[in-house]
Amino acid sequence: MPRPAPLLFPALSTAALSAAALSAVLLLATACGTEHAGRGVDAAAATPGARSVVTDPPVDGVRVTSVTLPADPAPSPTRGGPGVHADPLPADTLGAPDTPGAPGATGVSAAYEVTNSGSVAMTYTIVFTFADAAGGAMDNRTRTVPGVGPGRTVRGTVTMEALPPGASPVTRVKVLRVTKVPASEAPAAPGVCPPSGIRVTADDGDAAMGLRVVGLRLDNCGTRAVALDGYPDLTLLDADREPVDGVRVLHGSGGIATVTGFDDPPRPFTLAPGRSASAGLMWRNTTGSGAAVDAPYVRVRALPGADPVTVTPHLDLGTTGRLGVSAWKPVP
């Protein structure tokens, strides 16, 4: 990214210089904020329009390395698109990246790097939060960086969407959450069909009154019909991607809640190329006695013998010890 040219100021009177100095002091005083080390960066001390280098430690291998603020920090009503450019991966593996060096609509961006210190290639999904001086989230951006090899570091840039009129200016960017799965088990990117011809994904889910429901989708993107009869095979995994004990996976709702169609018995059907099927996960996050159970990852086998796909529904199971799963059904 090219450095901005030095700013040239015309000659000012003594009164104008005093007013300018007072304005600068007030701007710095109101923009200051605090942030926990390793969870973000306070960029208020950065010169607007310049890049501020960040030295905070990484979060699960991901860290923000610099933040760029606009010369005019006022929010813009113009909507702009998010983007990412990561090297050395090919651009087409990341969807539609920004033109390298192109500013976002707000002029706020953060450079980041992802380092895989493990022994297998991993796919990372990162949630970045753009926050104001008080720590309030102004925007969240999610980036997926696929196939980071062992010992490799991949760099990218995330830009912020436009803010609504009257919103506070962004002064910091932090890593809110990182999930990572073996690249061989990561869900295929939109528009990409894996060698198996079966693409399995999970949606963002719904939540109400402690009840959680997440949908699973199976797309037959291959050239052969797929026969389905039964339920997805699930393995719940903890934050270290190790199997979770003490949770029963129930076929149907198992009395967790009454949801139309969730307890329908499995029926055999054939999924033609280009067609899709769906299933669901259901649980409550009620907490009673004992330790609450969280399972960020679920390894899914769509049918017996299928390659596993690890999705990240972030199951907050409380102390209920139960997870319901519905049978596969064809999507109309």
Side-chain angles (χ1 to χ4, degrees), residues 95 123 125 142 144 146 179 181-182 184-237 241 244 247-285 294-317 320 322-332:
T123 290
T125 300
T142 300
T144 297
T179 53
V181 301
S184 60
E185 297 184 10
V192 176
C193 188
S196 65
I198 297 174
R199 182 171 50 236
V200 176
T201 55
D203 63 24
D204 293 332
D206 293 311
M209 302 296 290
L211 179 66
R212 311 282 197 261
V213 178
V214 167
L216 298 178
R217 184 180 179 93
L218 185 156
D219 297 315
N220 182 357
C221 56
T223 58
R224 299 180 180 180
V226 176
L228 292 172
D229 180 13
Y231 299 84
D233 180 57
L234 309 177
T235 302
L236 310 190
L237 306 175
R241 294 176 303 282
V244 171
V247 177
R248 291 181 296 157
V249 177
L250 309 171
H251 287 173
S253 66
I256 296 171
T258 301
V259 175
T260 302
F262 203 93
D263 286 307
D264 291 348
R267 302 181 186 279
F269 62 96
T270 299
L271 200 63
R275 305 294 295 181
S276 300
S278 65
L281 310 179
M282 178 195 297
W283 73 98
R284 289 192 179 274
N285 71 336
D294 290 319
Y297 304 93
V298 177
R299 182 174 287 132
V300 181
R301 293 183 186 272
L303 63 162
D307 294 333
V309 176
T310 299
V311 296
T312 55
H314 299 278
L315 306 180
D316 54 340
L317 296 162
T320 61
R322 295 184 298 171
L323 174 69
V325 55
S326 67
W328 288 116
K329 295 179 181 180
V331 172

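Along the sequence shown, residues are numbered consecutively beginning with 1.
Here the straight-line distance linking atom CZ of Arg248 with atom CG of Leu323 works out to 11.0 Å at 0.5 Å rounding. In this structure, Leu237 CG and Asp294 CG are separated by 13.5 Å, a value rounded to the nearest 0.5 Å. Here the straight-line distance linking atom CD of Glu185 with atom OG1 of Thr123 works out to 10.5 Å at 0.5 Å rounding. Here the straight-line distance linking atom CG of Leu216 with atom CG of Asp203 works out to 8.0 Å at 0.5 Å rounding.
The 12-atom threshold is exceeded at CZ of Arg241, counting heavy atoms of other residues, nucleotides or ligands nearer than 6.0 Å.
Closest non-hydrogen pair, Pro194 versus Cys221, comes out as CD-SG, 3.8 Å. When every heavy atom of Ala186 is checked against every heavy atom of Val309, the shortest pair comes out as C-CG1, 4.4 Å. Closest approach of Val311 and Pro187 over heavy atoms only: CG1-CG, 4.2 Å. Heavy-atom minimum distance, Phe262 versus Gly280: CZ-O, 3.4 Å. Between Gly222 and Cys193, the shortest heavy-atom contact is N-SG, 3.9 Å. The minimum heavy-atom distance linking Arg301 with Pro308 is given by the pair NH1-CD, 3.4 Å.
With respect to Asp316 and Arg212, a salt bridge is recorded, a charged nitrogen being found less than 4.0 Å from a carboxylate O.
Proximity of Pro232 to Val325: side-chain heavy atoms (C-beta onward) are separated by under 4.5 Å at one or more points. Looking only at side-chain heavy atoms (C-beta outward), Ser276 and Arg217 come within less than 4.5 Å of each other. Ile198 has its side chain within reach of Val226: a pair of non-hydrogen atoms, C-beta onward, lies under 4.5 Å apart. For the pair Ser278/Ser326, no side-chain contact is recorded, criterion being any heavy-atom separation below 4.5 Å from C-beta on. Side-chain contact between Leu317 and Leu236: present, with at least one pair of heavy atoms (C-beta onward) separated by less than 4.5 Å. Contact of the Thr312 side chain with the Pro296 side chain is not registered, since no non-hydrogen atoms from C-beta on lie closer than 4.5 Å.
Judged by distance alone, the side chain of Lys329 and the main-chain N or O of Asp264 form no donor-acceptor pair under 3.5 Å. Proximity of a side-chain donor or acceptor of Arg275 to a complementary backbone N or O of Asn220 within less than 3.5 Å is not detected. Trp328 contributes a side-chain N or O that, together with a main-chain N or O of Ala302, makes up a donor-acceptor pair within less than 3.5 Å. In this structure a side-chain-to-backbone donor-acceptor pair under 3.5 Å is missing from Arg284 to Thr320. In this structure, the side chain of Asp263 does not engage the main chain of Gly252 through any donor-acceptor pair within 3.5 Å.
Screening Leu281, Leu234, Thr235, Val298 for a side-chain contact (heavy atoms from CB on, under 4.5 Å) with Val249, the sole residue that qualifies is Leu234. The side-chain contact (heavy atoms from CB on, under 4.5 Å) test with Trp283 is passed by exactly one of Leu211, Val213, Val214: Val214.
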